[in-house]
Chemist: 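Here it is, the structure, as structure tokens.
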Amino acid sequence: QVQLVESVGGLVQAGGSLRLSCAASGHTLSRYAMGWFRQAPGMEREFVAAIRWSGSYTYYADSVKGRFTISRDNAKNTVYLQMNSLKPEDTAVYSCAADGPNYSSDYTPHTQARSYDYWGQGTQVTVSS
């Protein structure tokens, strides 16, 4: 059983930056594709970014491309989401998720939430204008 815990989010002004982390316990993340999703009030959960278990492949939603960066440190069992140039529309609860284990070197992370097996509890990110 993989347990995921996100770092505390926070309140940041538009144009600012914030880094979220997602730490795993109970199991190594080194063979799991990881994703970040977000859900704003009254909205459907949406894909933000994903990374292959090896870190060799990343994929982003168009809405965050060029502003957000997903990365991972398998030695620390942690995945990160660096968010720059934040906008009020980035306000949401952000959750990390794990898909795996996968052993293919070219496994492509999914963008659909239903493909992920384990989820963190979510953390609130609020961007003020």
Side-chain angles (χ1 to χ4, degrees):
Q1 185 79 10
V2 178
Q3 295 177 321
L4 303 173
V5 178
E6 297 95 346
S7 57
V8 174
L11 173 65
V12 61
Q13 287 189 330
S17 298
L18 193 64
R19 189 177 82 156
L20 301 179
S21 63
C22 171
S25 62
H27 207 285
T28 177
L29 281 183
S30 61
R31 286 293 184 175
Y32 286 79
M34 297 297 296
W36 284 96
F37 291 80
R38 68 186 182 185
Q39 187 168 20
M43 304 291 286
E44 296 282 322
R45 180 165 51 190
E46 66 171 347
F47 168 78
V48 175
I51 187 168
R52 183 179 285 160
W53 62 266
S54 62
S56 62
Y57 175 91
T58 57
Y59 187 77
Y60 299 91
D62 287 342
S63 58
V64 307
K65 200 172 295 182
R67 300 188 299 121
F68 290 13
T69 302
I70 187 171
S71 62
R72 65 191 300 159
D73 185 337
N74 286 339
K76 295 183 177 180
N77 234 19
T78 302
V79 177
Y80 304 95
L81 185 68
Q82 177 67 45
M83 304 184 290
N84 298 330
S85 303
L86 282 161
K87 305 175 181 179
E89 51 263 43
D90 294 319
T91 295
V93 174
Y94 285 72
S95 300
C96 63
D99 166 25
N102 20 83
Y103 298 93
S104 171
S105 61
D106 59 356
Y107 183 84
T108 300
H110 294 283
T111 60
Q112 300 100 332
R114 64 177 181 270
S115 297
Y116 289 79
D117 307 298
Y118 304 100
W119 290 82
Q121 80 285 357
T123 187
Q124 177 69 46
V125 172
T126 303
V127 184
S128 63
S129 57

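Just so you know, these numbers come straight off a predicted model, no measurement behind them.
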Chemist: If you round to the nearest 0.5 Å, how far is CG of N102 from CZ of R52?
Modeler: 9.5 Å
Chemist: Going hydrophobic residue to hydrophobic residue with side-chain gaps under 4.5 angstrom, can you get from V93 over to V64?
Modeler: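 No; V64 is not reachable from V93 via cluster members.
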Chemist: Treating Ile, Leu, Val, Met, Phe, Trp and Tyr as nodes and any side-chain heavy-atom pair under 4.5 angstrom as an edge, say whether V48 and Y59 lie in one connected cluster.
Modeler: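 No.
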Chemist: Show the nearest heavy-atom pair for residues P88 and S129, with the distance to one decimal.
Modeler: CG-CB, 3.8 Å
Chemist: Quick one: do W36 and V79 satisfy side-chain contact (heavy atoms from CB on, under 4.5 Å)? Show the steps, please.
Modeler: CA-CA 9 Å; W36 284 96; V79 177; 3.7 Å; yes
Chemist: What is the distance from atom CG of D90 to atom OG of S63, rounded to the nearest 0.5 Å?
Modeler: 7.5 Å
Chemist: Are F47 and Y94 connected in the hydrophobic side-chain network, where two residues link if heavy atoms are under 4.5 Å apart?
Modeler: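 Cluster IDs for F47 and Y94 differ.
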Chemist: For T78, does its backbone N or O pair with a side-chain atom of D73 as donor and acceptor, under 3.5 Å?
Modeler: no
Chemist: Starting at CG of L18, measure out to CD of Q82 and round the result to the nearest 0.5 Å.
Modeler: 8.0 Å
Chemist: Measuring from S71:OG to M34:CE, what's the distance to the nearest 0.5 Å?
Modeler: 11.5 Å
Chemist: Determine yes or no for a side-chain-to-main-chain donor-acceptor pair under 3.5 angstrom, with T91 supplying the side chain and V127 the backbone.
Modeler: yes
Chemist: Measure the spacing between OG of S25 and CG of L4 and express it to the nearest 0.5 Å.
Modeler: 8.0 Å
Chemist: When you measure from the side chain of R72 to the backbone N and O of L29, does any donor-acceptor pair fall under 3.5 Å?
Modeler: yes
Chemist: Using 0.5 Å steps for rounding, measure from the CG atom of D117 to the CD atom of Q1.
Modeler: 10.0 Å
Chemist: Please check: side-chain N/O of T126 versus main-chain N/O of L11, any donor-acceptor pairing under 3.5 Å?
Modeler: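 No.
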Chemist: Heavy-atom count around E44 CD within 6.0 Å, excluding the residue itself: above 12?
Modeler: no
Chemist: Does Y80 sit in a hydrophobic cluster with other residues, and if so which ones, taking ILVMFWY side chains as linked at heavy-atom separations under 4.5 Å, directly or through other members?
Modeler: none
Chemist: With distance as the sole test, does R31 use its side chain to make a donor-acceptor pair with the main-chain N or O of P101 at under 3.5 Å?
Modeler: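 Pair absent, no side-chain N/O of R31 close to backbone of P101.
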Chemist: List the steps, then state whether side-chain contact (heavy atoms from CB on, under 4.5 Å) holds for V125 with R38.
Modeler: CA-CA 9 Å; V125 172; R38 68 186 182 185; over 6 Å; no
Chemist: Would a distance-only check, ignoring hydrogens and angles, find a side-chain to backbone donor-acceptor pair under 3.5 Å from E6 to C96?
Modeler: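 It does hold such a pair.
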Chemist: D99 pairs by side chain to side chain donor-acceptor pair (under 3.5 Å) with which of Y118, Y116, Y107, W53?
Modeler: Y107
Chemist: Start with the C-alpha distance between H27 and Y32, add both sets of side-chain angles, then the distance that settles ring pair (Phe, Tyr, Trp, His ring centres under 6.0 Å), and finish with yes or no.
Modeler: CA-CA 10 Å; H27 207 285; Y32 286 79; 5.6 Å; yes
Chemist: Between K65 and D62, is there a salt bridge with N-O shorter than 4.0 Å?
Modeler: yes
Chemist: Is it the case that the side chain of S95 and the backbone of F37 share a donor-acceptor pair, with hydrogens and angles ignored and the cut-off at 3.5 Å?
Modeler: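 A pair under 3.5 Å: no.
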Chemist: Of all heavy-atom pairs between N77 and S30, which one has the smallest distance, and what is that distance?
Modeler: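 So the two residues come closest at OD1-N, 4.4 Å.
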